[in-house]
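Report on one structure; see the data block that follows.
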Amino acid sequence: MLLIGYNMTKKIFKILGLLLLQFSALTIVASAQEGGKLYSTYCAGCHGANLEGNSASSLIKTEWKYGRSASLMTRNITFGIPETEMIAWNQVLNKDQVKSLVDFISEAQKIQPNIDRSIPKQIKTEKYDLKIEEWVVDAIKTPWALEFVSKDSALVSERRGMLRWIVEGTPFADPVKGVPQSQEFRTGGYMDIAIDPEYQKNRWIYLAFSYAPERITDDAAPAMTKIVRGKINQNQWIAEQTLFEVPNDLLVTKGNRWGCRFLFDKAGYLYFSIGDMGYAEDAQDLSKPVAKIYRINPDGSIPTDNPFINKPGALPQLFTIGNRNVQGIAQHPDTGEIWFTEHGPMGGDELNILKKAGNYGWPDITYGIDYDGSVVSTQTNQEGMLQPIIYWNPSIAVSPAEFSDSPLFPQWKNNLFIGALAFEEVRRLTTNDHKVVQQEMILKGYGRVRDLKFGPDGAFYVVLNQPDKILRITPK
């Protein structure tokens, strides 16, 4: 009897053990499924929709530089990894959500998730049914900016240091020859381009790029944003003129968060931005070039009414200060006001309106925290510093901005469109009396949105990174 009882007890415990293992496995699967949703929302923009890697590393791998155990992965997600782009998520995700993410990533090492990344041919939005064409595919690498020269031709800058013509939707096989040299320093390289308002008469094309005089090929090279203009004749860059370049003692090493976005306003002034380059402590210093917006004449001369032109020690091209990383700038078609986006720290992406001599507060005031979870500032308001129109928390990695005045989209008139890098979004913002009263998601999850343009044909163009594509959107 004792033996029978022992065998029965052993079987019962074995069954219970199997049930517990099955329950645990089901719990992990359920947690991983929830983690997959969180991953798509918060992580796919940097680590890739299929964990294959994007601006950040692949999460399908055998070698984990910062540890592959569940406990280390949990710590890295919660608190971030100092001196990397891995931010702390403990202000956005709770402990259960972090666990779900860890379960999802761990399970993905066994079976890579199959997520459909194909771009739809049409989508329905509040105002329009939209037709989407993949206008340029696989012929460009890391496109940064798109500018139309005519209805049928455009120029695109590639961050690796190239300009390329696109004619009737077909990119030239050969890039423009003789362009200035640059290096892809982290987020640097070739950035924005602009076409002179009088281009049909003077043929000037404007270019912003990371410039290192010593020609060292890594980010230890002292470098800074340089602004030039030139002309293109038979696919050759000619007649280059330097419009903005700082002396060598103002160059920085290991620069990150470069900027740089252009705008020609209706009065013909050229505005451009430079990010804080990882030197936030210089954002309030009028003698340092980082974290500012500038205004110059098209030939590089300085407008006589620039706000800091007569201030000793100040860079005379300055128009505003305390701008962490302006990556979108656009002028309202009716009011003439200039709106701009600031790619902020975690929880600190901003939309602002440009004010002459404005101080936008970075890093003394901010609604975000640093990537490692540390506090940048405890202040969100300070006398003499401007408040954003809106800020995004969690940060969407806001980038380009473009107002709509296209005759193809009359119901979008004066709406502001913004793009996001990490969150891979295009949003339509309706504004009223300097307030954002509505945000509509137009695109989500099809690539990092680098630039937005309404072309001379009225179509809406979206420049994507990874996948490197340009989309053409029209009403269906």
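All residue numbers in this chain count up from 1 along the given sequence.
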Results of ring pair (Phe, Tyr, Trp, His ring centres under 6.0 Å) for Phe244 - residues two or more places apart only: Phe272, Tyr294
Sequence neighbours excluded, which residues qualify as side-chain contact (heavy atoms from CB on, under 4.5 Å) partners of Leu38? Glu34, Tyr42, Leu93, Gln97, Ser100, Leu101
Separation between OG (Ser399) and CG (Asn325), nearest 0.5 Å, reads 8.5 Å
Geometric cation-pi criterion Arg295 and Phe319, 6.0 Å radius, 45° cone: no
Residue pair Thr341 / Asp349, side-chain heavy-atom distance below 4.5 Å: no
Please name all residues satisfying side-chain contact (heavy atoms from CB on, under 4.5 Å) with Thr125, sequence neighbours left out, ordered by chain then number. Ile123, Tyr128, Leu130, Trp412, Glu440, Ile442
Assess Arg159 against Trp144: is NZ or CZ under 6.0 Å from the centre of the six-membered ring, and within 45 degrees of the ring's axis? no
Residues in side-chain hydrogen bond (donor to acceptor under 3.5 Å, both in side chains) with Ser150, at least two apart? Ser153
Just jot down the side-chain contact (heavy atoms from CB on, under 4.5 Å) partners of Asp249, sequence neighbours excluded, or say none. Pro247
Stepwise side-chain contact (heavy atoms from CB on, under 4.5 Å) test for Leu351 and Leu429: CA-CA 11 Å; Leu351 176 65; Leu429 274 54; 3.9 Å; yes
As an exercise, state the distance from NZ of Lys453 to CD1 of Ile470, rounded to the nearest 0.5 Å. 10.5 Å
In terms of side-chain geometry, is the basic nitrogen of Lys444 or Glu424 positioned less than 4.0 Å from the acidic oxygen of its partner? no
Partners passing ring pair (Phe, Tyr, Trp, His ring centres under 6.0 Å) against His332 (at least two apart in sequence or in another chain): Phe403
Heavy-atom closest contact (Tyr39 atom, Ala49 atom, distance): CE2-O, 3.9 Å
Beyond-backbone contact of Lys131 with Ile473, side-chain heavy atoms, under 4.5 angstrom: no
Partners passing salt bridge (charged side-chain N to carboxylate O under 4.0 Å, His left out) against Lys435 (at least two apart in sequence or in another chain): none
For Phe460, all residues meeting ring pair (Phe, Tyr, Trp, His ring centres under 6.0 Å), sequence neighbours excluded: Phe417, Phe454
Cut-off 3.5 Å, no hydrogens considered: what does the side-chain donor-acceptor table look like for residues 133-140, sequence neighbours left out?
from	atom 1	to	atom 2	distance (Å)
Glu133	OE2	Arg472	NH1	2.7
Glu134	OE1	Lys469	NZ	2.9

State plainly whether the residues Lys151 and Asp457 are in salt-bridge range, i.e. N to O under 4.0 Å. no
Only counting residues at least two apart or in another chain, list the ones meeting side-chain hydrogen bond (donor to acceptor under 3.5 Å, both in side chains) with Asn465. Arg450
Using side-chain heavy atoms (C-beta onward) and a distance below 4.5 Å, is Glu337 in contact with Trp339? yes
Could you list the residues that satisfy side-chain contact (heavy atoms from CB on, under 4.5 Å) with Ala194, not counting sequence neighbours? Tyr206, Phe262, Phe264
What's the spacing between Asp451 CG and Met191 CE if we round to 0.5 Å? 13.5 Å
Kindly indicate whether the side chain of Val449, heavy atoms from C-beta on, has any atom under 4.5 Å from the side chain of Pro400. yes
Check this for me: does any side-chain nitrogen of one of Asp282 and Lys288 sit under 4.0 Å from a carboxylate oxygen of the other? yes
Ring pair (Phe, Tyr, Trp, His ring centres under 6.0 Å) against Trp204, all qualifying residues, sequence neighbours excluded: none
Using a strict 4.0 Å threshold on nitrogen-to-oxygen distance, state whether Asp276 and Arg257 make a salt bridge. yes
